[in-house]
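Remarks on the structure that follows.
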Amino acid sequence: DTGVSQDPRHKITKRGQNVTFRCDPISEHNRLYWYRQTLGQGPEFLTYFQNEAQLEKSRLLSDRFSAERPKGSFSTLEIQRTEQGDSAMYLCASSSPYQGGSPLHFGNGTRLTVT
Amino acid sequence: AQKITQTQPGMFVQEKEAVTLDCTYDTSDQSYGLFWYKQPSSGEMIFLIYQGSYDEQNATEGRYSLNFQKARKSANLVISASQLGDSAMYFCAMREGQRNTPLVFGKGTRLSVIA
């Protein structure tokens, strides 16, 4: 169990640029979640996958955001035409396929700064 | 309406003392799960403890226990024998239903342990 891995750890970009983040979940976990966390707040749900199927998207996920999990393993989160309001920590988590008591295991996050 | 409410933005506790962090939740589901996570200044989200809505006994994990009062819809975290390393943000979260749906997080409580 190597844990959830996210890359990059930090990303600084200029407003209007596109950025892409990667998440590698724990290998036996079939569910993968993306959250966003701003300073002083709890994580806010963005979207999640079961295997390669995207099951739910939050209203927070505007048209500029897209997430994929093409082979049911790693996932990418892309933000197009970044805005300063996109500056946040983007957290990825995964969970096992068992019943509702399975906790989410989080990666260390990608901190995005839009200048 | 907020699904998870944490009313204490910050708490202080003396080392070796016990502390209770409050969490109330709102759901109409009969089946749900409650989770507590710790987030140190380094940023990673660490799972601490889980309580299922049908669990009759309060959950315990080492120095952590969950004071579950179903009728009052509260799920307070109790940390016994506080240590300096317990200083962190603590988040309460809820999953509604029995499947691995996303967690909804509260805004957190910052705990500071004083020597």
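Quick note on labels: first sequence line is chain A, next is B, and so on, each numbered from 1. Keep in mind that what you see is a predicted model, and the values were worked out from it rather than measured. The basis for the numbers below is simple: all heavy atoms, side chains too, and nothing from hydrogens, waters or symmetry mates.
- Atom NZ of Lys11(A) has 12 or fewer heavy atoms from other residues, nucleotides or ligands within 6.0 Å.
- With chain A as the partner, the residue from Cys92(B), Gly43(B), Pro102(B), Ser42(B) showing the most heavy-atom pairs under 4.5 Å is Pro102(B).
- Heavy atoms from other residues, nucleotides or ligands lying under 6.0 Å from CG of Leu84(B) number more than 12.
- Contact annotation for Gln39(B): only side-chain heavy atoms (C-beta onward) come within less than 4.5 Å of a heavy atom of chain A.
- Atom CD1 of Ile114(B) is surrounded by more than 12 heavy atoms from other residues, nucleotides or ligands within 6.0 Å.
- Nearest approach of Thr101(B) to Arg31(A), heavy atoms of both residues: N-NH1, 4.0 Å.
- The neighbour count for Gln80(A) CD, taken as heavy atoms of other residues, nucleotides or ligands under 6.0 Å away, is above 12.
- Taking each heavy atom of Phe91(B) and Gln37(A) in turn, the nearest pair found is CZ-NE2, 3.5 Å.
- Every pair passing salt bridge (Lys or Arg N to Asp or Glu O under 4.0 Å) that includes a residue from residues 12-25 of chain A is listed here, sequence neighbours excluded: Arg22(A)-Asp24(A).
- Applying a 4.5 Å heavy-atom cutoff, none of the residues of residues 53-63 of chain B approach chain A.
- Ring centroids of Phe45(A) and Phe105(B) are separated by 6.0 Å or more, keeping the two rings apart.
- Smallest separation of non-hydrogen atoms from Arg95(B) and Ser102(A): NH1-O, 2.8 Å.
- At a threshold of 4.5 Å between side-chain heavy atoms, the hydrophobic network of Ile, Leu, Val, Met, Phe, Trp and Tyr places Tyr90(A) and Leu60(A) in one connected group.
- Within a 6.0 Å radius of NZ in Lys70(B), more than 12 heavy atoms belonging to other residues, nucleotides or ligands are found.
- No continuous path of ILVMFWY side-chain contacts below 4.5 Å connects Tyr50(B) to Ile79(B), so the two sit in separate hydrophobic clusters.
- Of the residues considered (Gly107(A), Gly109(A), Gly42(A)), Gly42(A) shows the highest number of contacts with chain B, using heavy-atom pairs under 4.5 Å.
- Tyr33(A) contributes no side-chain N or O that, together with a main-chain N or O of Leu103(B), makes up a donor-acceptor pair within less than 3.5 Å.
- Met89(B) and Leu111(B) fall into different hydrophobic clusters, where Ile, Leu, Val, Met, Phe, Trp and Tyr residues are linked whenever their side-chain heavy atoms come under 4.5 Å apart, directly or through other members.
- For Leu55(A), no part sits under 4.5 Å from any heavy atom of chain B, backbone or side chain.
- Glu44(A) does not touch chain B: none of its heavy atoms, backbone or side chain, sits under 4.5 Å away.
- The hydrophobic clustering, which links ILVMFWY residues whose side-chain heavy atoms are closer than 4.5 Å, places Leu21(B) and Phe68(B) together.
- When heavy atoms are compared at a cutoff of 4.5 Å, Tyr37(B) approaches chain A solely by way of its side chain, counted from C-beta outward.
- No path of Ile, Leu, Val, Met, Phe, Trp and Tyr side chains, each step under 4.5 Å between heavy atoms, connects Phe47(B) with Tyr32(B), placing them in separate hydrophobic clusters.
- Within the 4.5 Å cutoff, the side chain of Leu104(A) has no heavy atoms near those of the Phe35(B) side chain.
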